[in-house]
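Quick note: residue numbers are just sequence positions, from 1. Side chains included, hydrogens not; waters and symmetry mates left out as well; all remaining heavy atoms used.
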Amino acid sequence: NAAPQVTQTFSVGPANQAITFGTAPTIVVSGTGTVSAVGGASGNPVVFTSATTAVCTVSGANGSTVTGVTAGTCTIRANQAGSANYNAAPQATQNFSIGLANQIITFGTAPTIAVGGAGSVSATGGASGNPVTFASTTASVCTISGAIVTGVSAGTCIISANQVGNASYNAA
């Protein structure tokens, strides 16, 4: 005779999911970049946060836009919630460097100077907060003290402008 039907009961649990980061962005101080990651099948978005807000911050959709605050190592956390069929993904992290930003010096209007006369130069520097300093590269034609240029002889006067960097900015 046929055996009587029997049943067995057991639970089917939710599946695990994982987060995999994309390529780390290249970001400098005051610059931005985008982080990306692929999550599991729960259908929930991967959400990013910064573990190092003194170095980098996040904004935008799910925190995917990263802004460099200061030079150093930026650590981004990624999380993805679970669903009825999937467990929450374990938190993943991605570390990358926030590099030094460049500075640019922009001269003001050049002075008109005659031999024996003087005029001033001006320049706007970058965000390091350090002063722009001037030097004459043609001392036989003109000299400079601070921002005051004095004509020595007729010719082309060349003034160089420099600005040192700091922990977040390269020298200009």
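- In the hydrophobic cluster analysis, where Ile, Leu, Val, Met, Phe, Trp and Tyr join through side-chain heavy atoms closer than 4.5 angstrom, Val55 is grouped together with Ile76.
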Quick one, Thr156 with Val141, criterion side chain to side chain contact (heavy atoms under 4.5 Å, CB included). Give me CA distance, side-chain angles, the key distance, then yes/no.
CA-CA 7 Å; Thr156 301; Val141 176; 5.8 Å; no
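- Applying side-chain contact (heavy atoms from CB on, under 4.5 Å) to Arg77 and the options Val47, Thr93, Thr52 leaves one that passes, Thr93.
- Tyr86 is not connected to Ile19 by any chain of hydrophobic side-chain contacts under 4.5 Å among Ile, Leu, Val, Met, Phe, Trp and Tyr, and they are in different clusters.
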Audit row: Val152, Val115, side chain to side chain contact (heavy atoms under 4.5 Å, CB included) steps and yes/no
CA-CA 5 Å; Val152 175; Val115 173; over 6 Å; no
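- Thr34 is not listed as a side-chain neighbour of Pro25, based on a closest heavy-atom distance of 4.5 Å or more.
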Which donor-acceptor pairs under 3.5 Å do side chains of residues 62-71 form with protein atoms, sequence neighbours excluded?
unit_1	atom_1	unit_2	atom_2	d
Ser64	OG	Ala61	O	3.1
Thr70	OG1	Ser168	OG	3.0

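- Neither Val132 nor Tyr169 shares a network with the other; the hydrophobic side chains, linked directly or stepwise wherever heavy atoms of I, L, V, M, F, W or Y lie under 4.5 Å apart, form separate groups for each.
- Looking at residues two or more places apart in sequence or on another chain, you find a side chain to side chain contact (heavy atoms under 4.5 Å, CB included) between Ala24 and Gln94, Phe96.
- Using a 4.5 Å heavy-atom threshold, the side chains of Cys157 and Ile159 count as touching.
- You'll find the side chain of Asn130 reaches within 4.5 Å of the side chain of Asn166, heavy atoms only.
- Residues Ile113 and Ile144 share a single hydrophobic cluster, defined by chaining ILVMFWY side chains whose heavy atoms lie under 4.5 Å apart.
- Between the side chains of Thr75 and Asn95, a donor-acceptor pair is found at a separation under 3.5 Å.
- With sequence neighbours left out, Gln17 forms a side chain to side chain donor-acceptor pair (under 3.5 Å) with Ser42.
- Following chains of ILVMFWY side-chain contacts shorter than 4.5 Å, one cannot reach Ile158 starting from Val149, and the two form parts of different hydrophobic clusters.
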